[in-house]
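Take a look at the structure below.
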There are 2 protein chains.
Amino acid sequence: MNIGDAARASGVSAKMIRYYEETGLIPPAARTAAGYRVYGDQDVHMLRFIRRARDLGFSVEGIGELLSLWRDQSRQSADVKRLALAHVADLRRKIRELEDMAQTLETLAACCHGNDRPDCPILQELEAPAAPDAPAAPRPGAVRRPGPARA
Amino acid sequence: MNIGDAARASGVSAKMIRYYEETGLIPPAARTAAGYRVYGDQDVHMLRFIRRARDLGFSVEGIGELLSLWRDQSRQSADVKRLALAHVADLRRKIRELEDMAQTLETLAACCHGNDRPDCPILQELEAPAAPDAPAAPRPGAVRRPGPARA
DNA sequence: ATGGGGCTTACCATGGTTGGAAGGTCAAGG
DNA sequence: CCTTGACCTTCCAACCATGGTAAGCCCCAT
């Protein structure tokens, strides 16, 4: 099976398969004499595992840990569970940040007439953040920007 | 005022101020004879505006649109509101995606004994996604990965 | 005048993924 | 045998926002 077939069968693009190999997430594939990568059903199985973990928002690093547990026949399910719940906590933290932003903006938008006049509480709030005690409008620095969010 | 002072006063790092200038988000700062960037209170005001918009999760592109409305004295508040609500919709979409992931994982984790035995429903689900009808476990492809999420 | 800190530009890295270019390989059809 | 087209290979660049680092210049205070 060539990389294209493996990609179609697993849902992981050929590009990403090569990337995962390069970064050591998956072992180097066997090669034909011409240098083509060759994959078997087992490989596709692993790639699908990876795809599914990505769908659940795991980072590549996290997937690496999941994979090693997956391969480890003497694993303890407690370890898997811990990994999963840690990721859930990450997700919930991110959700809270986004939710805060959405609520602040919604509150502001609700105060905005949304007509053809220029005055707008949204712009006002951006200029000069509201009082520190207003929960919907944290002062600068209170909200941690999510950064290059990886999920 | 040098760039360091402007950074401290606005909460935007000197690095990012230069980046914003380079990418055209803000106009080039005035320079001293020695080439130092010089900022005034107005500039700091604008930088704080940008900082606040970033805190609310706007992309740099979105901030550019906000800035042009901010500067446009003949703006219509409806335009600002539309921008804000579009961003809220973005946030909510992202929140939903993350929430789906978190719930799927939590459900799986709840089924996992979390003991010293190797059998684990989490790994099982990653290997072979559950039935298509289970809402907490969409088939591969049903969950759109957010990609290089920009907020 | 010398030292320390600030400023300048320029480059590298992150994370995950996509895109392209340039070139080799394979299978089918003429 | 040759062409064509689909596939594969490697390498390089880009995205977004940010942090870091390094070499070199500048300014101020001692």
Side-chain angles (χ1 to χ4, degrees), chain A residues 1-26 28-39 47 50-65 87 90 94 97 101 141 143-151, chain B residues 1-26 28-39 47 50-64 87 90 94 97-98 101 141 143-151:
Chain A
M1 206 193 279
N2 284 339
I3 198 172
D5 306 303
R8 272 181 292 275
S10 67
V12 179
S13 73
K15 275 286 212 219
M16 292 312 299
I17 296 176
R18 293 194 198 99
Y19 170 74
Y20 291 149
E21 177 181 320
E22 186 193 320
T23 59
L25 179 67
I26 59 179
R31 303 278 190 142
T32 67
Y36 282 25
R37 288 176 181 80
V38 179
Y39 297 90
L47 288 170
I50 291 171
R51 170 66 147 93
R52 182 82 186 109
R54 288 291 302 134
D55 281 347
L56 288 174
F58 281 94
S59 66
V60 170
E61 189 189 347
I63 295 176
E65 301 174 51
H87 180 48
D90 263 16
K94 198 161 303 174
E97 285 173 4
M101 296 177 190
V143 171
R144 263 176 304 291
R145 273 190 314 299
R150 54 158 168 62
Chain B
M1 205 194 279
N2 284 339
I3 199 171
D5 306 303
R8 272 181 291 276
S10 67
V12 179
S13 73
K15 259 315 205 204
M16 292 313 298
I17 296 176
R18 294 194 197 98
Y19 171 74
Y20 292 150
E21 179 182 319
E22 187 192 320
T23 59
L25 180 67
I26 60 178
R31 302 279 189 138
T32 67
Y36 281 25
R37 288 176 182 80
V38 179
Y39 298 89
L47 288 170
I50 292 171
R51 170 67 147 91
R52 183 82 185 110
R54 288 290 304 136
D55 282 348
L56 288 174
F58 281 94
S59 67
V60 170
E61 190 189 347
I63 296 176
H87 180 49
D90 263 16
K94 200 160 302 173
E97 286 173 3
L98 298 183
M101 296 177 190
V143 171
R144 263 176 302 294
R145 274 194 311 302
R150 56 160 167 62

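Note on naming: letters A, B, ... go to the chains in the order of the sequence lines (proteins, then strands), and numbering restarts at 1 for each one.
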I want to verify a distance call: between C:dT8, C:dG16, D:dT10, whose nearest atom is closest to the A:Arg18 side chain?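 When the side chain of A:Arg18 is considered, D:dT10 is the closest of C:dT8, C:dG16, D:dT10.
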Does a nitrogen or oxygen in the side chain of [X] sit under 4.0 Å from OP1 or OP2 of [N]?
X: A:Arg37; N: D:dC8; result: no
X: A:Tyr20; N: C:dG16; result: no
X: A:Arg31; N: D:dT10; result: yes

Interatomic distance, [X] [atom1] vs [N] [atom2] [rounded to whole Å]:
X: A:Tyr19; N: D:dC15; atom1: OH; atom2: C1'; answer: 14 Å
X: A:Glu22; N: C:dT18; atom1: CD; atom2: P; answer: 15 Å
X: B:Asp55; N: D:dA17; atom1: CG; atom2: P; answer: 14 Å
X: A:Asp90; N: C:dG15; atom1: CG; atom2: C1'; answer: 14 Å
X: B:Ile3; N: C:dG6; atom1: CD1; atom2: C1'; answer: 11 Å
X: A:Asn2; N: C:dG24; atom1: CG; atom2: P; answer: 19 Å
X: B:Met16; N: C:dT14; atom1: CE; atom2: C1'; answer: 14 Å
X: A:Arg51; N: C:dG16; atom1: CZ; atom2: P; answer: 15 Å

If you look at every strand shown and take non-hydrogen atoms under 4.0 Å, does B:Ser13 touch a base, only sugar-phosphate, or nothing? sugar-phosphate
Go through it in stages, so that I can follow the logic: the residues are B:Lys94 and A:Lys94, the test is side chain to side chain contact (heavy atoms under 4.5 Å, CB included), and I'd like the CA-CA distance, side-chain angles, deciding distance and then a yes or no. CA-CA 10 Å; B:Lys94 200 160 302 173; A:Lys94 198 161 303 174; over 6 Å; no
Derivation and outcome, side chain to side chain contact (heavy atoms under 4.5 Å, CB included), residues A:Met16 and A:Arg54: CA-CA 12 Å; A:Met16 292 312 299; A:Arg54 288 291 302 134; over 6 Å; no
What does the list of N/O pairs under 3.5 Å between the protein and nucleotides 21-25 of chain D look like, with a distance for each?
residue : atom : partner : partner atom : Å
D:dT21  : O4   : B:Lys15 : NZ           : 2.9

Roughly how far, to the nearest 0.5 Å, is the OG atom of A:Ser59 from the CG atom of A:Asp90? 8.5 Å
Would you compute the distance between atom CD1 of A:Ile50 and atom CG of A:Leu25 and round it to the nearest 0.5 angstrom?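 Those atoms lie 4.5 Å apart.
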Nearest nucleotide by nearest heavy atom, which residue falls closer to the 5' end of DNA chain D, B:Glu61 or A:Gly4?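 Residue closer to the 5' terminus by nearest nucleotide: A:Gly4.
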Closer than 3.5 angstrom, by distance alone: can the side chain of B:Arg51 be matched with the main-chain N or O of B:Gly11 as a donor-acceptor pair? yes
Can you check whether B:Gly62's main-chain N or O pairs, donor with acceptor, with B:His87's side chain at less than 3.5 Å?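 Side chain of B:His87 to backbone of B:Gly62, a donor-acceptor pair under 3.5 Å: no, none is there.
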Working note: A:Ile63 + A:Tyr20, criterion side chain to side chain contact (heavy atoms under 4.5 Å, CB included); need CA distance, chi angles, decisive distance, verdict. CA-CA 11 Å; A:Ile63 295 176; A:Tyr20 291 149; 5.5 Å; no
